[in-house]
A.B. asks: 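Pasting a structure below so you can have a look.
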Amino acid sequence: MATEVRFCYEDKHAPPFIHGAGQTVPSANPGVTIQIVQQLDEHVKEVSFTYTRKPWSRCLHELENGKVDAVVASHRASREGQMAYPKNPDGTIAQQYAINRISTCLLKSKTNKATLNLSKEIELAVPRGYAIRESMPKHFSIFETDSLEHAIALVENELLDATI
């Protein structure tokens with residue numbers, strides 16, 4: 001009998017990683033991250049995944065409280081107490097097991113011709129639950145949004161300086 005793994009992932013549209021929004025798990029084209037987990041589910045007979053979509057911060061909270069067993073998340077030192085990451089014998093993260101590698105860049109409005117001065121305060125829109133805020137310089141003022149689309153809209157309307 002297969003071990004059940006309760007897998008939680010974000011309920012927001014974040015292509016190409018996650019497609020669709022809401023709590024329904026799409027039957028087709030769920031996004032590359034979910035397709036990888038589904039392939040694992042299909043090929044490893046010792047486990048059987050159940051899929052749940054919730055707000056990202058709720059997925060993390062439920063992982064901490066044992067209500068779900070797994071999420072796909074970037075490595076952060078602050079998450080080490082709640083998550084197990086594949087590691088090399090020397091304790092470093094085993095990068096060969098990463099599902100993807102993500103780089104982050106700042107996005108600013110096309111219509112605002114001013115250049116971002118990275119040594120001065122920048123008002124940054126960041127979707128709620130994104131751990132990137134931990135690594136941002138102290139002079140970045142973080143405004144949490146409900147979604148990446150909302151963060152982008154705030155920048156496009158020149159209400160904040162940038163998003164990620």
Side-chain angles (χ1 to χ4, degrees), residues 1-107 124-136 140 142-156 160 162-164:
M1 184 154 185
T3 300
E4 179 186 3
V5 175
R6 300 166 298 176
F7 176 73
C8 190
Y9 71 101
E10 190 167 20
D11 61 352
K12 293 187 177 60
H13 185 63
F17 309 107
I18 298 170
H19 289 177
Q23 297 189 348
T24 303
V25 176
S27 57
N29 194 19
V32 69
T33 299
I34 308 312
Q35 288 172 312
I36 291 169
V37 175
Q38 288 173 336
Q39 287 177 7
L40 178 67
D41 189 9
E42 183 180 316
H43 288 88
V44 180
K45 300 302 178 198
E46 294 80 14
V47 296
S48 175
F49 285 77
T50 56
Y51 299 85
T52 305
R53 293 189 75 176
K54 297 184 179 186
W56 181 237
S57 56
R58 174 73 54 86
C59 285
L60 294 176
H61 178 73
E62 291 194 2
L63 182 69
E64 287 180 42
N65 291 300
K67 293 181 180 176
V68 300
D69 304 306
V71 298
V72 173
S74 59
H75 175 262
R76 301 273 184 239
S78 63
R79 292 178 173 166
E80 293 249 352
Q82 297 85 27
M83 298 181 188
Y85 294 92
K87 295 195 175 180
N88 296 311
D90 67 358
T92 59
I93 297 300
Q95 295 291 335
Q96 70 269 28
Y97 298 112
I99 288 177
N100 57 44
R101 291 196 170 83
I102 300 172
S103 295
T104 303
C105 61
L106 290 176
L107 302 174
L124 187 66
V126 177
R128 192 175 329 284
Y130 281 40
I132 189 72
R133 68 181 305 147
E134 296 173 20
S135 60
M136 298 308 292
F140 278 60
I142 306 295
F143 179 81
E144 287 189 338
T145 65
D146 292 329
S147 68
L148 184 55
E149 289 83 6
H150 184 222
I152 290 170
L154 290 169
V155 173
E156 286 175 341
L160 294 174
T163 187
I164 55 169

A.B. asks: Applying side chain to side chain contact (heavy atoms under 4.5 Å, CB included) to H13 and S147, what does each step give before you reach the verdict?
C.D. replies: CA-CA 9 Å; H13 185 63; S147 68; over 6 Å; no
A.B. asks: Which residue pairs satisfy the disulfide bond (SG atoms under 2.5 Å apart) criterion with at least one member in residues 69-98, sequence neighbours excluded?
C.D. replies: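 As it turns out, there is no disulfide bond (SG atoms under 2.5 Å apart) pair with a partner in residues 69-98 once direct neighbours are skipped.
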A.B. asks: Please name all residues satisfying side-chain hydrogen bond (donor to acceptor under 3.5 Å, both in side chains) with N100, sequence neighbours left out, ordered by chain then number.
C.D. replies: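 side-chain hydrogen bond (donor to acceptor under 3.5 Å, both in side chains) check on N100 returns nothing, list empty.
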A.B. asks: Mind jotting down which residue pairs meet the ring pair (Phe, Tyr, Trp, His ring centres under 6.0 Å) criterion with at least one end in residues 65-85? Sequence neighbours excluded, please.
C.D. replies: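 Every ring pair (Phe, Tyr, Trp, His ring centres under 6.0 Å) pair that includes a residue of residues 65-85, provided the two are not neighbours, is H75-Y85.
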A.B. asks: Residues in side-chain contact (heavy atoms from CB on, under 4.5 Å) with T92, at least two apart?
C.D. replies: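 Testing T92 for side-chain contact (heavy atoms from CB on, under 4.5 Å), a comparison that skips the adjacent residues, returns N88, D90.
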A.B. asks: Going from CD1 on I164 to CD1 on I152, what distance comes out if it is rounded to the nearest 0.5 angstrom?
C.D. replies: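 Interatomic distance, I164 CD1 to I152 CD1, rounded to 0.5 Å: 10.0 Å.
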A.B. asks: To the nearest 0.5 Å, tell me how far F17 CZ sits from I34 CD1.
C.D. replies: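 Taking CZ in F17 and CD1 in I34, the distance rounds to 11.5 Å.
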A.B. asks: I need the minimum non-hydrogen distance between V155 and A162, along with the two atoms involved.
C.D. replies: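 What the structure gives for the nearest pair is CG2-C, 3.3 Å.
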A.B. asks: Going by side-chain hydrogen bond (donor to acceptor under 3.5 Å, both in side chains), name the residues that satisfy it together with E4, two or more places apart in sequence or in a different chain.
C.D. replies: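 Expected list: T50.
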A.B. asks: How long is the gap from OG1 on T52 to CZ on F7, to the nearest 0.5 Å?
C.D. replies: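 It is 9.5 Å, given to the nearest 0.5 Å.
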A.B. asks: Check whether any side-chain heavy atom of V37 sits under 4.5 Å from a side-chain heavy atom of V72, and report yes or no.
C.D. replies: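 V37 reaches V72 side chain to side chain.
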A.B. asks: So, using side-chain contact (heavy atoms from CB on, under 4.5 Å) as the criterion, who are the partners of N29 when residues are at least two apart?
C.D. replies: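 Once residues adjacent in sequence are excluded, the partners of N29 under the side-chain contact (heavy atoms from CB on, under 4.5 Å) criterion are H19, Q35.
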A.B. asks: Counting N and O atoms only, with roles assigned by atom type, does the side chain of R53 sit under 3.5 Å from a partner on the main chain of E10, one being a donor and the other an acceptor?
C.D. replies: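 At least one qualifying donor-acceptor pair exists.
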A.B. asks: Identify, with sequence neighbours excluded, every residue that meets side-chain contact (heavy atoms from CB on, under 4.5 Å) alongside T3.
C.D. replies: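 None.
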A.B. asks: Nearest 0.5 Å, please: how far is CG in L124 from OG1 in T163?
C.D. replies: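 T163 atom OG1 to L124 atom CG measures 6.0 Å (nearest 0.5 Å).
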A.B. asks: Give, for atom CD of E149 and atom NZ of K12, the distance between the pair rounded to the nearest 0.5 Å.
C.D. replies: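 It is 9.0 Å, given to the nearest 0.5 Å.
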A.B. asks: Which pair of non-hydrogen atoms, one from P30 and one from Q38, has the smallest distance, and what is that distance?
C.D. replies: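 In terms of heavy atoms, the two residues are closest at CG-OE1, 3.6 Å.
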A.B. asks: Residues two or more places apart in sequence or in another chain: which of them pass salt bridge (Lys or Arg N to Asp or Glu O under 4.0 Å) with E42?
C.D. replies: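 For E42, no residue satisfies salt bridge (Lys or Arg N to Asp or Glu O under 4.0 Å) once neighbours in sequence are set aside.
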A.B. asks: Taking C-beta and beyond as the side chain, do M1 and S48 meet within less than 4.5 Å on heavy atoms?
C.D. replies: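 Not in contact.
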A.B. asks: With sequence neighbours excluded, tell me which residues meet salt bridge (Lys or Arg N to Asp or Glu O under 4.0 Å) with K87.
C.D. replies: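 Once residues adjacent in sequence are excluded, the partners of K87 under the salt bridge (Lys or Arg N to Asp or Glu O under 4.0 Å) criterion are E80.
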A.B. asks: So, using side-chain hydrogen bond (donor to acceptor under 3.5 Å, both in side chains) as the criterion, who are the partners of D11 when residues are at least two apart?
C.D. replies: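 side-chain hydrogen bond (donor to acceptor under 3.5 Å, both in side chains) list for D11, sorted by chain: empty.
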A.B. asks: List, one per line, each side-chain donor-acceptor pair under 3.5 Å for residues 58-65, sequence neighbours excluded.
C.D. replies:
from: H61; atom 1: ND1; to: N65; atom 2: ND2; distance (Å): 3.4
from: H61; atom 1: NE2; to: N65; atom 2: ND2; distance (Å): 3.1
from: E62; atom 1: OE1; to: K54; atom 2: NZ; distance (Å): 2.8
from: E62; atom 1: OE2; to: K54; atom 2: NZ; distance (Å): 3.0
from: N65; atom 1: ND2; to: H61; atom 2: O; distance (Å): 2.9

A.B. asks: With sequence neighbours excluded, what pairs up with T145 under the side-chain contact (heavy atoms from CB on, under 4.5 Å) test?
C.D. replies: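 Expected list: A125, P127, F143, H150, A151, L154.
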